[in-house]
2 protein chains.
Amino acid sequence: MSSQPRYFQQYPHADMDELADLIAELVQNPITIEDSDHKLIAYSSHGDSTDPARWSTIMGRRVPEKVLTRLWKDGVFQELLTQDDPVHIPAKEDIGLGKRVAIAIKRSNDVLGYIWAQEVNRPLTSEDDEILRQAAKAAVSRLIQRQGKRKAEEQRRTEFLWELLLGNHSSEAAIRQKAENLQMQMPATYLICIVEAAGARLDQYLYPLLMRDKLYWVVDGAQIILLIGRSDAKKDEWDGLVKKVEQFLADSLSKLVTHASEGKVIAGYGRAYSGGYAQIVKSYKEALHAVKVKKLFPRETEGIHGYHQLGIYRYLLQLKKWEEEEGYHNERLDKLKQYDRDNQTAMLETLETFLDAAGKMNVTAQLLHVHTNTLGYRLRRIEEIMGIDLENMNQRAALYLELKMAKINREQ
Amino acid sequence: MSSQPRYFQQYPHADMDELADLIAELVQNPITIEDSDHKLIAYSSHGDSTDPARWSTIMGRRVPEKVLTRLWKDGVFQELLTQDDPVHIPAKEDIGLGKRVAIAIKRSNDVLGYIWAQEVNRPLTSEDDEILRQAAKAAVSRLIQRQGKRKAEEQRRTEFLWELLLGNHSSEAAIRQKAENLQMQMPATYLICIVEAAGARLDQYLYPLLMRDKLYWVVDGAQIILLIGRSDAKKDEWDGLVKKVEQFLADSLSKLVTHASEGKVIAGYGRAYSGGYAQIVKSYKEALHAVKVKKLFPRETEGIHGYHQLGIYRYLLQLKKWEEEEGYHNERLDKLKQYDRDNQTAMLETLETFLDAAGKMNVTAQLLHVHTNTLGYRLRRIEEIMGIDLENMNQRAALYLELKMAKINREQ
DNA sequence: AGTTCGTTTGTGAATATACACAAAATGCGG
DNA sequence: CCGCATTTTGTGTATATTCACAAACGAACT
């Protein structure tokens, strides 16, 4: 440990460009330093041997999207975010990226930036890794101020997103203007997605995914609210976007269930809209509705996340409200409940299972662990007690709705 | 014809009591004259041989309810209302009614009252029938004035009913007071029933039934609106009342379909309420809703009349309204419609039939006149095209609702 | 203890459904 | 006209459903 030389102690006042040059000299390879948003901060000046990726980064003062996307996809950033050590990255010729080594510049868990060492003049050894480790440490103090600015900008972005979500905006033009000022690229087609997990720091766990898909998000208590979109306005953008969200959720939820308490992770998303950001409010409300319904009917809505997939549950809360306003009360269900109480039976459970199983006898019987004939008998009794006809689709559907409605209060 | 003597021409100025005595003298039997509401107008004075029914009628100045109910049930009044001739009525000992002959006093088709001849001193012959015929004619002019009063009272009753139906009433106490003033016996439990027939004079055709069940009613265009109730406040009054209404409708509709154009007779009724007449408004609205839905879905709601039996159709109009407010549009259904247009197929019809048949393959196939395997193939295609799973009850029910909702506009 | 009632399970036969596979029939464009 | 894809119908088999009927079970009542 202490036998290692302290490479950067003798240059305490070097600025970032000087630091880049210093590292480059030590590892004898071109160096690039970026902030956490992959904007170029500094780069070593001498070597002329470089690759298209570095060239583009310097010319555009930011790492090209193509490269970033690929590195997120390949899990490079995921590694960088979780490790304190340099990561060796093989060449990816198709995006003009030569072999290189990278390390994240971190303060505790916050990523302030990255140092990239291209591996072109000579291979980088474990000694060079140590150099990069120390360089990353040396860069921290110099990046903190910059980080402060970034935080302020993020704060403004968050506020802007809240405005969009709650509909506190003046005009479509004003929204576009504000987005441009904040350097936010608003997608042509978008939707709002909500992920809720009880005891987990959502933004931390999801950070890699959020960066990979370049999402805008705000955290609200146990919920993280995401604006997910696509800029390319294809014909069937709707389906594409839904697939993207489902993919994102599959990734997120599999990641979260390991961290958060089991079964406490809920996700929902609203419909996709395009043309005009005023609709964000609607998509947000729909996403909230989806989450609310999923809490009320966890079993029934298992595997469903989208508002458009909710089926009857999309109507249920409103219908329930309407029933209450109208003073309508279903006596038939009460009769069955009363029968269950009087006779210690499980007719209601039988009925619900039967309806949930779409009227399939064998499925229902198996779920209830009873003989098929028992089920047949019970259903006949239920028809007698309630005075209904389960063969009739209208009555069956109405009963299904009423049954689920009746569960709302009980299960809350 | 002209050979018949004119029994009453020589007494043009006799009042009703004198007329009763005159008839009694001619037929040598006790005579009672009532108005159309069975209130006593006059009765012959001499004979002391009489039966409990006549005795009660004179003492109460009205025919006892028990007797009226029985005569309506036995179809006696139905005969009296349709015939211009006297009707011979066998004795009904159980209600204290001896053998007698009755005739309706009519002006064109309006019944002004009745003349009853008890058959106790001697049997009544066909000559007596002619006497009664002439007596009924002679009574007409004397009853017209009384009829005028009755009409005015009926007018006030009608206005009062409209007030109740539309909710233009001040307080429960005021309602009771007004009902008492109008001599209306308001039932403890009641509901509103509507019968609609395109080209029929409803009140005329239904008159016997209306009288039999002692209903209050108003006519509104092609609709007749009925207040149906029961005074006896038993425990399960609800079911009893519903049975009464269903019986009434069975009788009414079978009578009306012969008169009105086929399939144009619609009936609906609201829920039963008790305690407080303010609820009449609700029952009326529910009855209107039932009629509206039955017009939109004649096939689906065949045999259903009660609001409480509407099943999903009770929600459908409301749901449709919400969908429109939300700007929600079901693309899946559109996809299927488009497919039908593109390929000259009948997937939508297949789906609807399948859902209506509660998912029974053989029933559906028979209804569509196709092979079972054809149906299986189509359903598989439908699942592919719409991207749904027909085994899933949630999706099936939601689809059912959306399908019926989509029909509302089209079939209006 | 025996009886009654509602419930559960069993048996068997007729009918319905699910699935795979094959053969017609249909309709459309080359 | 043919080839091609889609749709419809037919065949066969395993499995499910429906129905009638009977036996067994358990809780409540007398």
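Remember, it's a predicted structure, so these values are computed and weren't measured experimentally.
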A/H308 and A/Y269 aromatic ring geometry - parallel, tilted or perpendicular at 30°/60° bounds
tilted
Looking at residues at least two apart in the chain, or sitting in another chain, which of them share a salt bridge (Lys or Arg N to Asp or Glu O under 4.0 Å) with B/R299?
B/E352, B/D356
Heavy-atom nearest nucleotide on DNA chain D for B/K360 versus B/M347: which residue maps closer to 5'?
B/M347
Listed by chain and number, what are the salt bridge (Lys or Arg N to Asp or Glu O under 4.0 Å) partners of A/K282, not counting sequence neighbours?
none
Each nucleotide of nucleotides 19-30 of chain D classed B (base within 4.0 Å of a protein heavy atom), S (only sugar-phosphate) or -, in 5' to 3' order, makes BB----------
Nearest whole angstrom, please: distance from the P of D/dA5 to the CG of B/D342.
18 Å
What residues form a side-chain contact (heavy atoms from CB on, under 4.5 Å) with A/R381, not counting sequence neighbours?
A/Y339, A/M347, A/Y377, A/E384, A/I385
Take the protein atom CE of B/M361 and the nucleotide atom C1' of D/dT9, then report the distance between them rounded to whole Å.
14 Å
Here the salt bridge (Lys or Arg N to Asp or Glu O under 4.0 Å) pairs for residues 389-399 of chain B, sequence neighbours left out, are A/K360-B/E391
When rounded to whole Å, the CZ to P distance for the pair A/F354 and D/dT17 reads 9 Å
Any residue meeting ring-ring contact (aromatic ring centres under 6.0 Å, His included) with B/Y313, in chain and number order, not counting sequence neighbours
B/F297
What is the nucleic acid contact for B/T372, judged by heavy atoms within less than 4.0 Å: base, sugar-phosphate only, or nothing?
nothing
Quick check on D/dT7: is either OP1 or OP2 less than 4.0 Å from any side-chain nitrogen or oxygen of B/T374?
no
Any residue in residues 376-387 of chain B with a heavy atom nearer than 4.0 angstrom to DNA chain D? Just list them by number, or reply none.
B/Y377, B/R378, B/R381
Below 4.5 Å, heavy atoms only, C-beta onward: do B/L379 and B/M361 meet side chain to side chain?
yes
Taking ring-ring contact (aromatic ring centres under 6.0 Å, His included) as the test, write out the residues that go with B/F354, two or more places apart.
none
Considering just the side-chain nitrogens and oxygens of B/N343, establish if one lies under 4.0 Å of OP1 or OP2 belonging to D/dT6.
no
Name all residues meeting the side-chain contact (heavy atoms from CB on, under 4.5 Å) criterion together with A/D94; count only those two or more places apart in sequence or in a different chain, and write none if there are none.
A/R70, A/K92
Chain B reaches DNA chain C, atoms under 4.0 Å from its heavy atoms, from C/dA16 to C/dA20
Test of understanding: with side chain to side chain donor-acceptor pair (under 3.5 Å), list the residues that count as partners of B/T353, not counting sequence neighbours.
none
Would you kindly give the CG-to-C1' distance between B/L368 and D/dT8, to the nearest whole Å?
13 Å
Set of residues satisfying salt bridge (Lys or Arg N to Asp or Glu O under 4.0 Å) with respect to B/D213, sequence neighbours excluded:
none
